[in-house]
Amino acid sequence: TTTPANIAMPMIKSVKINDELKREIIKKLKTLLKTLGIHDLILRLSTNAEDLDDYPGVGAGVYESKEHVTIDDEDKFFESLLEVYSSLWSYEAFCDREMYHIDHFSVYPAMMIQEYLVGADYSFLVHTAEPATKDHNIIMIELMPGSGRSLTSPEPLLQGEPYRFY
């Protein structure tokens with residue numbers, strides 16, 4: 001079966017990033033990471049669809065994240081970056097947008113590069129509207145032991161019941 005996911009994702013993963021741009025990105029990252037004393041990274045994708053007024057939370061947990069990424073192997077770093085970026089067109093993300101009638105081409109991704117904190121005690125999400133009712137007068141905070149993937153992942157082994165605060 002042909003889907004946007006099995007067409008777009010391989011195309012994005014195979015993009016050739018200009019060598020000069022790659023060198024500039026690595027140079028700036030090396031300087032920043034050295035200054036901050038950071039080595040291990042996590043790459044995360046987020047989009048504007050996650051904050052649309054009518055669809056709070058759309059896209060949460062459907063985009064790829066890559067943990068334990070470093071810039072030691074530059075090719076691997078950019079491979080990981082493209083893999084995470086391509087998850088904009090994952091089957092789950094595509095279906096999520098279809099279900100809520102969101103125009104796929106009005107969704108804009110952003111890559112977050114963060115320090116990977118090994119052995120996080122807790123992770124949390126803050127919803128600026130109550131997800132089930134979309135009530136903007138209610139802010140919900142979900143707190144769960146472990147890494148952030150345990151809150152957003154559809155993988156059964158990572159799921160659990162978070163503490164919820166309203």
List in chain and number order the residues that pass ring-ring contact (aromatic ring centres under 6.0 Å, His included) with His39, two or more places apart in sequence or in another chain; answer none if no residue qualifies.
-> none

Side-chain donor-acceptor pair under 3.5 Å between Thr47 and Tyr63, yes or no?
-> yes

Can you check whether Ala93's main-chain N or O pairs, donor with acceptor, with Ser90's side chain at less than 3.5 Å?
-> yes

Does Ile42 reach the side chain of Arg44, with side-chain heavy atoms less than 4.5 Å apart?
-> yes

Would you find a donor on one side and an acceptor on the other, under 3.5 Å apart, between the side chain of Asn48 and the backbone of Tyr108?
-> yes

Taking the side chain as every heavy atom from C-beta outward, state whether Tyr85 and Met111 have any atom pair closer than 4.5 Å.
-> yes

Could you tell me whether Met11 atom CE has more than 12 heavy atoms of other residues or ligands within 6.0 Å of it?
-> no

More than 12 heavy atoms of other residues, nucleotides or ligands under 6.0 Å from NZ of Lys76: is that the case?
-> no

Please say whether more than 12 non-hydrogen atoms of neighbouring residues, nucleotides or ligands are located less than 6.0 Å from CZ in Phe77.
-> yes

Please determine if Lys30 and Glu74 form a salt bridge, counting it only when a charged side-chain N lies under 4.0 Å from a carboxylate O.
-> yes

Take the angle between the ring planes of Phe105 and Trp89 and call it parallel below 30°, perpendicular above 60°, tilted in between.
-> tilted

Between Glu142 and Arg164, does a salt bridge (Lys or Arg N to Asp or Glu O under 4.0 Å) hold up when you go through it step by step?
-> CA-CA 5 Å; Glu142 293 182 292; Arg164 292 190 173 97; 2.9 Å; yes

Do you reckon Val62 sits in the same ILVMFWY cluster as Tyr100, going by side-chain contacts under 4.5 Å, direct or chained?
-> yes

Is there a side-chain contact between Leu81 and Val69 (heavy atoms, below 4.5 Å)?
-> no

